[in-house]
Amino acid sequence: MSEATRWLDLVEVDNVRDLGGLPLAGGGVTRSGVAYRASTLQQACAADVTELVDVRRLRTVIDLRLPDEAAREGHGLLGDAGVRVVNLPVRKADATLLDVVVPSGTSADLGALYWQLLAGSTEAFVESARIIADPEQHAVLFHCAAGKDRTGVIAAVLLDAVGVPADAIAADYALTSERAARVRERLVRIPAYQNLPNVGQGVFAVDGTAIASFVDALRATYGGGGEFLLRHGLTDAELAGLRAALVG
């Protein structure tokens with residue numbers, strides 16, 4: 001799949017793309033139509049829900065927002081569409097407040113933030129992998145608010161676990177830059193996200209080197225995404241299922 005065809009061009013949700021079509025280290029590409037990454041979905045209109053549920057066959061939504069964040073913002077029309085919604089919050093180990101996870105400052109060490117999110121959210125990573133490994137739950141979509149940071153670290157671990165090279169993981173992450181202005185424009189209409197920095201600043205920077213450094217640290221510390229997941233509770237059979245789902 002080309003970058004253009006990996007995007008889902010919805011009406012009211014801007015940062016949605018298929019994890020299919022990414023190159024694999026051993027040759028071939030990841031399978032399309034299985035897993036999607038996205039920004040928050042509560043603004044989705046009826047046409048968007050039809051595209052996701054009827055066309056893309058969406059069965060499971062993994063909401064990576066904090067529990068109070070998810071409860072406050074909800075899931076909009078998608079919440080009444082017969083789709084299973086699972087809240088698997090991604091957070092830093094030493095903090096649970098939304099304004100810590102989504103800071104408003106104009107500078108941020110995103111590589112350090114992503115490592116802190118990994119440390120604080122092992123259950124979310126493992127359970128996300130477990131869900132995507134289960135064909136009965138396909139297609140699966142996982143999202144946070146902007147679809148960049150919390151979504152980005154989950155995507156990085158999953159893609160590394162199935163053999164996507166680090167440069168391709170970073171390139172996928174960086175695609176958010178194409179939609180960042182539109183994503184921010186929607187988010188700042190929501191009270192919880194009104195203090196987001198401008199595009200390119202702080203937590204709203206889209207720099208592929210941040211996720212690349214995260215993947216480097218993941219490999220140096222654990223031996224990669226697959227070993228991280230195994231060490232924190234995924235079984236060998238489930239990891240094989242994840243690879244079968246995303247690679248085929």
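Note: hydrogens, waters and symmetry copies are ignored here, and every other heavy atom, side chains too, is used. Positions are given from 1, in the same order as the sequence printed here.
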Between [X] (side chain only) and [Y] (backbone N and O only), is there a donor and an acceptor less than 3.5 Å apart?
X      : Y      : value
Arg31  : Ala244 : yes
Asn15  : Ala38  : no
Glu69  : Leu66  : yes
Arg91  : Gly120 : no
Thr235 : Glu238 : yes
Thr151 : Cys144 : yes
Thr122 : His232 : no
Asp48  : Cys45  : yes
Arg57  : Asp54  : yes
Ser177 : Ala174 : yes

For the [atom1] atom of [X] and the [atom2] atom of [Y], what is their distance to the nearest 0.5 Å?
X      : Y      : atom1 : atom2 : value
Leu158 : Leu19  : CG    : CG    : 7.5 Å
Glu127 : Ile154 : CD    : CD1   : 10.5 Å
Ser128 : Leu88  : OG    : CG    : 5.0 Å
Asp216 : Thr221 : CG    : OG1   : 10.0 Å
Tyr114 : Ile211 : OH    : CD1   : 5.5 Å
Arg37  : Tyr173 : CZ    : OH    : 8.5 Å

Does [X] come within less than 4.0 Å of [Y], counting only side-chain N to carboxylate O?
X      : Y      : result
Arg65  : Glu73  : no
Arg179 : Asp9   : yes
Glu185 : Arg182 : no

Distance-minimising heavy-atom pair for [X] and [Y]:
X      : Y      : result
Ala46  : Leu77  : N-CD1, 3.5 Å
Leu229 : Ala129 : CD1-CB, 3.9 Å
Leu246 : Ala35  : CD2-CB, 4.1 Å
Arg6   : Asp172 : NH2-OD1, 2.6 Å
Val13  : Ser39  : CG1-OG, 3.6 Å
Val126 : Gly233 : CG1-C, 4.2 Å

Are [X] and [Y] side-chain neighbours, meaning at least one heavy-atom pair lies under 4.5 Å?
X      : Y      : answer
Leu141 : Leu41  : yes
Val49  : Leu58  : no
Leu10  : Leu52  : yes
Leu110 : Lys148 : yes
Glu178 : Leu175 : yes
Asp134 : Thr60  : no
Asp63  : His143 : yes
Leu8   : Arg56  : yes

Please name all residues satisfying salt bridge (Lys or Arg N to Asp or Glu O under 4.0 Å) with Arg219, sequence neighbours left out, ordered by chain then number. Asp160
What I want to check is whether the side chains of Gln137 and Arg84 have a donor and an acceptor closer together than 3.5 Å. yes
Compute whether any side-chain donor of one residue and acceptor of the other, for Thr176 and Arg17, lie under 3.5 angstrom apart. yes
Please report the C-alpha distance between Phe125 and Val153 in whole Å, then the side-chain angles of each, then the deciding distance to 0.1 Å, and finally whether the side-chain contact (heavy atoms from CB on, under 4.5 Å) criterion is met. CA-CA 9 Å; Phe125 285 85; Val153 293; 3.7 Å; yes
Check the orientation of Trp115 and Tyr222. Use parallel for under 30°, tilted for 30 to 60°, and perpendicular for over 60°. tilted
Test side-chain contact (heavy atoms from CB on, under 4.5 Å) on Val29 and Val247; report intermediate values, then the result. CA-CA 7 Å; Val29 297; Val247 175; over 6 Å; no
Can you list the steps and then say if Val140 with Val34 is a side-chain contact (heavy atoms from CB on, under 4.5 Å)? CA-CA 6 Å; Val140 179; Val34 173; 6.0 Å; no
Less than 6.0 angstrom separating the ring centers of Tyr36 and His138, yes or no? no
Could you walk me through whether Val157 and Phe228 pass the side-chain contact (heavy atoms from CB on, under 4.5 Å) test, one step at a time? CA-CA 8 Å; Val157 170; Phe228 168 83; 4.2 Å; yes
